[in-house]
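Everything on this sheet refers to the single structure shown next.
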There are 2 protein chains.
Amino acid sequence: MPDPATAPRTLRLSPRDNVAVALDTLPEGSRVDGLVIPARVPRGHKFALAEIADGAPILKFGQIIGFAAGAIAPGAHIHVHNVALHDFDRDYAFAADARAEVPLPPEAQGTFAGFRRSNGRTGTRNYLGILTSVNCSASVARFAAEHLQRAGVGEWFPGVDGIVPITHGTGCGMAAKGEGFEVLSRTLWGYATHPNFAAVVMVGLGCEMFQIARFKAEYGVEETDTFRTLTIQDEGGTRRAVEHITGALREMLPAANALKRSQRPLSELVLALQCGGSDGYSGLTANPALGVASDLLVRHGGTSILSETPEIYGAEHLLTRRAATRAVGEKLVARIRWWEAYTARNGGEMNNNPSPGNKAGGLTTILEKSLGAAAKGGSSTLNAVYEYAEPVTAPGFVFMDTPGYDPVAATGQVAGGANLICFTTGRGSAFGCKPTPSIKLATNTDVYQRMTEDMDINCGDVLDGVPLERKGEEIFDLLVRVASGERTKSELLGYGDAEFVPWQIGAVM
Amino acid sequence: MPDPATAPRTLRLSPRDNVAVALDTLPEGSRVDGLVIPARVPRGHKFALAEIADGAPILKFGQIIGFAAGAIAPGAHIHVHNVALHDFDRDYAFAADARAEVPLPPEAQGTFAGFRRSNGRTGTRNYLGILTSVNCSASVARFAAEHLQRAGVGEWFPGVDGIVPITHGTGCGMAAKGEGFEVLSRTLWGYATHPNFAAVVMVGLGCEMFQIARFKAEYGVEETDTFRTLTIQDEGGTRRAVEHITGALREMLPAANALKRSQRPLSELVLALQCGGSDGYSGLTANPALGVASDLLVRHGGTSILSETPEIYGAEHLLTRRAATRAVGEKLVARIRWWEAYTARNGGEMNNNPSPGNKAGGLTTILEKSLGAAAKGGSSTLNAVYEYAEPVTAPGFVFMDTPGYDPVAATGQVAGGANLICFTTGRGSAFGCKPTPSIKLATNTDVYQRMTEDMDINCGDVLDGVPLERKGEEIFDLLVRVASGERTKSELLGYGDAEFVPWQIGAVM
Ligand SMILES: [Ca+2]
Ligand SMILES: [Ca+2]
Ligand SMILES: [Ca+2]
Ligand SMILES: [Ca+2]
Ligand SMILES: [Ca+2]
């Protein structure tokens, strides 16, 4: 028997898999997992757990990453020399792997302590928001929030989590119709109605392209006790606009402060899945562990949103197979085609193929690479596909089309209604968000230790033998606690006032 | 003699003009400017000051706005019915109207009290800056600035105007080369070296597309006592990064605080011309008055930057004629062609033609409309054309290609080195900027009175008879005082922490 303390470590990501990953280099002749390794397997690379016949699928994450090009012996190194993709990458196989998901019976479904809103949605936080239609009103929004902060609102109204100015760089110098305008409209609408806001004031300059009056008309918004709008020009300048906002918020604060959390079913959680600053461990530790938590949430009737289209590009077949219906799969493919046109007209191209560095690190195919990112979404059936910032209404596992860039991706998901974010990072992102709390998962122990004050959970211990199932349950437990009010690291640090970045599509004029 | 109190008001914008504008409706048979009006001239429309022969140029702002289509009688209404453009709009006439400008003799040139920097440039303010390479470090920059503010830096170091976090929404999820990347590089370089900063700390996350190490290599930047860089990932998280920044700034503060203003020639002023929220008066009052001030600054050897390419589109002939050389004119035309491609690939088109509303208000041709915007640039010879955020090195009147959108346009001009901004507004912009002070000129008395706390000068009194020359001198005097330290309205209100918006070109991925 090899000494367990010095034996090379290996990781099998799913019980269905016929390959495992060597976490340490496997020398020729070494014995692991009951096999003798016929030839050296570099660290991070894969080896066969059993004989694989010529043409048979190679399974990692329980899913196909390629097909054997020739028979593969047990223990053999598996990489570009003996893996092919055939025509898999041209077959969307819509809904081929769809499963009728069986949620837990109601009595077994969990609960969290949330803020039930009058529109039927549930918040995990209780903020007041100051939305802005244009950069030209950003400072006024901030002045109003700072004024109330200085006046001690936090102490007088401890039931309110804070007053959040939602500022950005766009809203004018843009076409008044088309994709760019619609994306901004949906985003602001999603924030205006977000359940983590008890009430919202929206402020514009007055002459901007993004007209608040038009916005209200298009979405059928009325001025209410919890939604008020104004413009700096109508008010007669900065000071009066700030006074109007602080006056409105002072009227809103007592009612917001009186709101209490109540026990709500986990089906009211909408989880945004995110990764940023990925590394070679993302696909082995934090992402699959988050996938376990996502599947658990789906079993409890909740919603989980995978996004970041550029990172699944070229491997959309993995999701179309899992689509609940052909229509869902086709909507995803339509977004893929849109991205090809978007990058082409901007002089670039979509390419998520493994780079030479990826391949040296052990990633063999585009499917394997994208599965590392998509592993966050677990293995649940894909119930719906949304465009950026569209309201997410389907339960279960869904996809929202966003860029991979973290603040832009998260802004779209939050606009869609996400009341929780779970963010994996290998390089060490410091991301935080308001009004939605963001939990950060380190993919490796080194980054967790270096950035402990920014990281909520270390998933690096998966490499030391902590089972993915147990790690996923740990994440799930924290999700429920954070949904119920426990502060994340990024909340304790004060993040979230600078990370609202709506996707800007189109010319700035 | 008509009663001067009730006589209709008229405005002639240049002594060269053969038309004037009716500020009040001129009834048939009324007498103004020594003429009898043969037929009604609506308010805001033009009338002939003398007989104009068929085909002769119509001059407003001292420049050609079109040609008489048939002979025009003195006092006659001049509009689309009797004005044509012929082929003027296809003739760039490069440098046809260039003049060798004669600056004032050195002993007659004015001075201001500025901060002379070691790189030979001169600041009008003395800030410390915290630059960010990416949105992912925006919060850290703000935390550091807030920390020092709470610690009372303002009281201990009264010679420093403040600590400015320069945050934005981009820096990652973008192509690592090409126009978008270069624009961001130039912009950050321009801020990093801006003379209104005594010293700068630049902070990144670490894994972003915009790598600080590459930026330093490309611009040959060294770490010095007044320029330091770091990343959150290298420091080991948010708290340590904030400590690093505040520590660096604490070391920089005493030297910055010790700097004193000294008398410097006005040739060291670089004025950014801006307008936002324009109205029908912009081209009659604030813009031409600012043009007078711009010409004065040029006579004193200073630099004045006109921008906002979409607003001169279709009337670039006005600037190519004034270009110092054919090469300068051709560079402008190249940018015009670039804009046509930029908007086309984004599904739009360039169009600055007078709208039906413009025409009803009295604007006859695209030349006249664009002259209203370009009037800010006075009548000086165009010495150079710059791309967005390029360092402005030529003295005199220059053009920088920017969008019209205020924060994006001003960000490019400031990156180019502008140490003053003068901003005209008719609807009532509340714009402010750091590190460059922004003077706001109201185009009409009504907006000035409604937003007095935001407006530095009322140009509406030009309509009441204040000569443009005198208004221009009033603006020029304020420019010099503000350059020497007098606070603008937007500075008193605290603007400038949310208005850094680099031009984002290309796909967000
Ligand atoms: Ca990612
Ligand atoms: Ca991301
Ligand atoms: Ca900002
Ligand atoms: Ca303008
Ligand atoms: Ca503008």
query = Does some side-chain heavy atom of A/Arg427 sit less than 4.5 Å from a side-chain heavy atom of B/Leu205?
reply = no
task = Check each atom of B/Phe431 against the heavy atoms of chain A and say whether the ones under 4.5 Å are side chain, backbone, both or neither.
result = neither
ask   = Just by modelled atom types, is the B/Asn346 backbone N or O under 3.5 Å from a matching donor or acceptor in the A/Arg345 side chain?
value = no
ask   = Which atom pair, heavy atoms only, marks the closest approach of A/Ala498 to B/Arg142?
value = CB-NH1, 3.7 Å
side-chain contact (heavy atoms from CB on, under 4.5 Å) between B/Asn135 and A/Phe500, intermediate numbers included = CA-CA 9 Å; B/Asn135 181 262; A/Phe500 177 73; over 6 Å; no
request  = Indicate yes or no for a side-chain donor-acceptor contact from B/Asp454 to the backbone of A/Thr238 under 3.5 Å, with no hydrogens or angles considered.
outcome  = yes
message = Minimum heavy-atom separation for B/Phe143 and A/Tyr495, please, with both atom names.
response = CZ-N, 3.6 Å
ask   = Looking at CD of B/Glu146 and CG of A/Asp497, how far apart are the two atoms once the value is rounded to the nearest 0.5 Å?
value = 7.5 Å
ask   = Non-hydrogen atoms of chain A under 4.5 Å away: do they reach the side chain of B/Val508, the backbone, both or neither?
value = both
ask   = If you count heavy-atom pairs under 4.5 Å with chain B, which of A/Gly173, A/Ala138, A/Cys207 comes out on top?
value = A/Cys207
ask   = Quick one: what part of B/Ala430 sits under 4.5 Å from any heavy atom of chain A, side chain, backbone, both or neither?
value = both
Side-chain heavy atoms of B/Tyr405 within contact of A/Met174, under 4.5 Å = no
request  = Taking atom types as modelled, find out whether A/Ser139 and B/Glu499 have a side-chain donor-acceptor pair closer than 3.5 angstrom.
outcome  = yes
